[in-house]
Amino acid sequence: PGAAAAFDTEAHALPDLIEVRIGGWQPEEPAFDLFSGEHLGQESQADFFRLDLVLTGLVNPPGDARPKTFDPFRFGPKPVYGFIEMDLDRDVQTGGELNAPQYRYVGNIARFGGVPADDRFRDRVALDASAFDGDITTPPFVDRSGEEFHLALLGGEFTRQDVEVIEGNADGIFEAGETWQVTAPFLHRAHGFEDFSFVNGGNYPGQYMPLTTVQFRHDPLSDQTTVSLVFPLTPEGAGRMRDEPAEPANFDPTDQTCVYEGLYDLQFSAQFIEKYPSGAPEEQIIRGWASHEPGEFLESHDWDITILLGTSYSESIVEGVYYVWSDAYPNVVRGDVTGDGEVGDGDIEEVEDFIEANDAADGESDGAVAIPGFAEDFSVFDVNHDGRVDGLDLLAGEADGDSDDDEDVDLWDFARLQSCFHAESLLDPACAGHDLDLTGEIDLDDLRLFGERFSGPQVR
C-alpha cells in the first residue's frame with residue numbers, strides 16, 4: 001500500500017524469464033526419474049508433457065510468503081513465485097479464476113506499462129483495479145482467462161521433507177550448481193471449475209490438485225536456473241509413473257492422475273449442467289466443455305500459455321501483499337496502451353485524453369492525475385508506474401535511446417546521453433529520449449538500460 005515496502009534489491013533477485021519450452025515428453029523410466037528422457041515431435045501423441053522455464057542467474061524454490069507464517073527465504077534469498085496458466089482448448093470463454101484474478105496475468109500485465117497485442121486478451125486485461133468487481137458478466141472479463149490448468153509456484157505448499165537433492169550438499173539452501181526435485185501440489189486445475197465439478201477426494205469437492213514434482217536446476221556455466229514440470233497427459237502415462245496398470249478416469253486426484261482425467265471431468269460436469277442448470281452466471285466458465293472431447297486437447301505444444309513471475313518482499317506485510325511482480329509472458333511494449341504492438345500517436349492521445357478527463361478528480365487541475373489507493377490500485381496509463389499519470393507517461397514512445405532518430409542505438413546516442421547527465425537535462429527536448437525509466441531524471445539507471453539497448457550502427 002502506498003508503494004512503500006521493504007525490498008532489498010541486492011539480496012533478493014527479481015526473476016527474469018528468458019525462455020519457455022513446452023511439448024510432449026518421453027521419460028526413460030517414469031516411475032523412478034521423470035526428468036531424464038527425450039522430447040517428442042509435434043506429430044507424436046505423448047503420454048507426458050514437459051514445461052521448462054529458463055531464468056537468468058540463481059533462483060531458488062519459494063518459501064512461505066504468507067504474512068502470518070512468513071518464511072519466503074527458507075530455501076535461499078532468491079525465491080521465485082508466480083502462475084503459469086495453460087489454456088488447453090485455446091478458448092478464453094472456458095476456464096479461469098473467479099476468486100483471485102488480481103494475482104494472475106490478465107490482472108497484472110497492465111502494471112508493466114502496456115496492453116498485450118494478442119486479440120485473445122481483448123476485454124480481459126485489468127486496466128485498473130476497478131476490473132476486480134467479482135462479477136463474471138461484466139467487462140473486462142479478468143475472471144475468464146481461459147486457463148484449464150496452472151502451475152502455481154507458491155510457498156507454504158512444501159517443507160524440506162518434500163525436497164530430494166539430486167545434486168548438491170543437502171544443507172537446505174539451493175545453491176549454484178545444485179539440482180532439486182520438489183514434490184507438492186504445484187499443478188492446479190482452474191479453480192473456477194470447482195463449484196461445478198464431480199471431482200472428489202482432494203481437500204474439498206471439485207478441487208483437482210494432484211501431487212506433482214517440479215525440478216529446480218542451476219547451471220553454473222550459463223548461470224541460468226531451469227524450473228521444470230513433467231506430468232502425465234494420459235491414463236497410460238499416469239500408470240507408468242506409478243509403475244501400475246493404467247486406471248480409467250475416476251474423478252479422484254489422490255491416485256493415478258493426468259491431464260485427460262481432469263478434462264474428462266470437465267466434459268462430464270458440463271454435460272450435467274446442460275441437463276440440470278443451476279442458473280449461476282459462473283456456469284459460463286465450464287459450459288463450453290460439454291461439446292469438447294478431452295482427448296483432442298492433449299497436444300501440449302498447441303496450448304496457449306501466460307506467465308506471471310515475481311519474488312517476495314523482504315519483510316512481511318500485514319495487509320496481505322505477497323509478491324513483487326517482475327516478469328511476464330507474453331510481454332508488452334511499454335507505453336502501448338492501445339494494444340496494437342507499438343507506441344504511436346494513438347497511445348499518446350489515449351494518455352492525454354485520460355489526463356484531460358480526470359485531471360480535476362483529485363481537486364487540482366495541474367495536468368496530472370494522482371491514482372488513489374496506489375499501488376493496490378493502478379492504471380495502464382501510468383506507464384512509468386509512479387502513482388501519477390502525467391507528462392512523463394507521454395514520453396514512453398520517445399524514450400528509446402535513439403536520440404538522433406537514425407534507427408539505431410550507437411555511440412552517437414551515447415555521446416548525447418553523456419551530455420544529458422545533469423539536473424536540468426529534461427528541459428532539453430533532445431534529452432527526453434534518454435530518460436529510459438521515465439523517472440523525470442537521467443541517471444545511472446538510464447545508463448544501465450541504455451547498455452541493454454545498445455546495438456551499434458544500423459542495427460535496431
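Counting from 1, the numbers follow the sequence of the chain as shown. Model, not experiment: these values are computed from the prediction. All heavy atoms count here, side chains included; hydrogens, waters and symmetry mates do not.
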Does one side chain, of D89 or T94, offer a donor that lies under 3.5 Å from an acceptor on the other?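 D89 vs T94: donor-acceptor pair found between side chains.
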Would you say the side-chain atoms of E85 and T306 include a donor-acceptor pair closer than 3.5 Å? yes
How many angstroms lie between atom [atom1] of [X] and atom [atom2] of [Y], to the nearest 0.5 angstrom?
X	Y	atom1	atom2	result
S379	D393	OG	CG	8.5 Å
D345	E352	CG	CD	9.0 Å
D377	F132	CG	CZ	9.5 Å
M209	F186	CE	CZ	10.5 Å
D302	F297	CG	CZ	10.5 Å
F141	D123	CZ	CG	6.5 Å

Take Y313 and H12, measure what ring pair (Phe, Tyr, Trp, His ring centres under 6.0 Å) needs, and give me the verdict at the end. CA-CA 9 Å; Y313 288 96; H12 311 306; over 10 Å; no
Counting distance only, does the side-chain N/O of [X] pair as donor-acceptor with the main-chain N or O of [Y] below 3.5 Å?
X	Y	value
R160	R74	yes
S269	L266	no
D336	G339	yes
D162	V182	no
D64	F70	no
D87	E147	no
D327	L309	no
H191	E97	no
Q207	N203	yes
D359	I355	no

Distance-only donor-acceptor hits, side chain of residues 281-289, under 3.5 Å, sequence neighbours excluded:
residue	atom	partner	partner atom	Å
E283	OE1	R287	NE	3.3
E283	OE1	R287	NH2	3.1
E283	OE2	S278	N	2.4
E283	OE2	S278	OG	2.5
E283	OE2	G279	N	3.3
Q284	OE1	R144	NH1	3.1
Q284	NE2	P281	O	3.3
W289	NE1	E148	OE2	3.2

Is the number of heavy atoms from other residues, nucleotides or ligands under 6.0 Å of [X] [atom1] greater than 12?
X	atom1	value
Y103	OH	yes
D8	CG	yes
E356	CD	no

Answer whether the closest heavy-atom distance between the side chains of [X] and [Y] falls below 4.5 Å.
X	Y	answer
L151	V214	yes
T9	L14	no
V343	V333	yes
K78	T311	no
V20	L51	yes
Y323	L154	yes
P185	F158	no
V80	F216	yes

Looking only at non-hydrogen atoms, find the nearest pair between [X] and [Y] and report the distance.
X	Y	answer
V142	A131	CG2-O, 3.7 Å
T226	V54	OG1-CG2, 3.9 Å
S145	G96	OG-CA, 3.6 Å
L55	P15	CD2-CB, 3.8 Å
P210	F231	CG-CZ, 3.8 Å
I317	A5	CD1-CB, 3.8 Å

Residues that D119 engages under salt bridge (charged side-chain N to carboxylate O under 4.0 Å, His left out), provided they are two or more places apart: R122
Regarding R189 and the six-membered ring of F149, is the cationic atom NZ or CZ under 6.0 Å from the ring centre and inside 45° of its axis? no
Show the numbers, then the answer: is there a side chain to side chain donor-acceptor pair (under 3.5 Å) between D223 and H218? CA-CA 7 Å; D223 192 25; H218 178 260; 2.9 Å; yes
Test: R217 and E178 ion pair at under 4.0 Å: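 Salt bridge: no.
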Worked check of side-chain contact (heavy atoms from CB on, under 4.5 Å) between V227 and D52: CA-CA 6 Å; V227 181; D52 293 316; over 6 Å; no
Between F381 and F354, is the ring pair (Phe, Tyr, Trp, His ring centres under 6.0 Å) condition met? List the steps. CA-CA 8 Å; F381 304 111; F354 178 84; 4.8 Å; yes
Just do the side-chain contact (heavy atoms from CB on, under 4.5 Å) check on I84 and H150 with the steps written out, would you? CA-CA 5 Å; I84 298 86; H150 62 266; 6.0 Å; no
side-chain contact (heavy atoms from CB on, under 4.5 Å) assessment of R90 paired with W303: CA-CA 7 Å; R90 308 184 79 173; W303 300 347; over 6 Å; no
Does the ring pair (Phe, Tyr, Trp, His ring centres under 6.0 Å) test come out yes or no for H385 and F374, once each step is laid out? CA-CA 9 Å; H385 202 63; F374 186 75; 4.9 Å; yes
According to the interplanar angle, ranging from 0 to 90°, do the rings of Y105 and F121 count as parallel (below 30°), tilted (30 to 60°) or perpendicular (above 60°)? tilted
List the steps and the verdict of side-chain contact (heavy atoms from CB on, under 4.5 Å) for F112 and R334. CA-CA 7 Å; F112 289 80; R334 194 177 193 193; over 6 Å; no
Show your reasoning for whether ring pair (Phe, Tyr, Trp, His ring centres under 6.0 Å) applies to F49 and W25. CA-CA 5 Å; F49 79 92; W25 177 250; over 10 Å; no
Going through the distances and angles, do D118 and R120 end up as a salt bridge (charged side-chain N to carboxylate O under 4.0 Å, His left out)? CA-CA 5 Å; D118 193 321; R120 65 188 161 116; 3.0 Å; yes
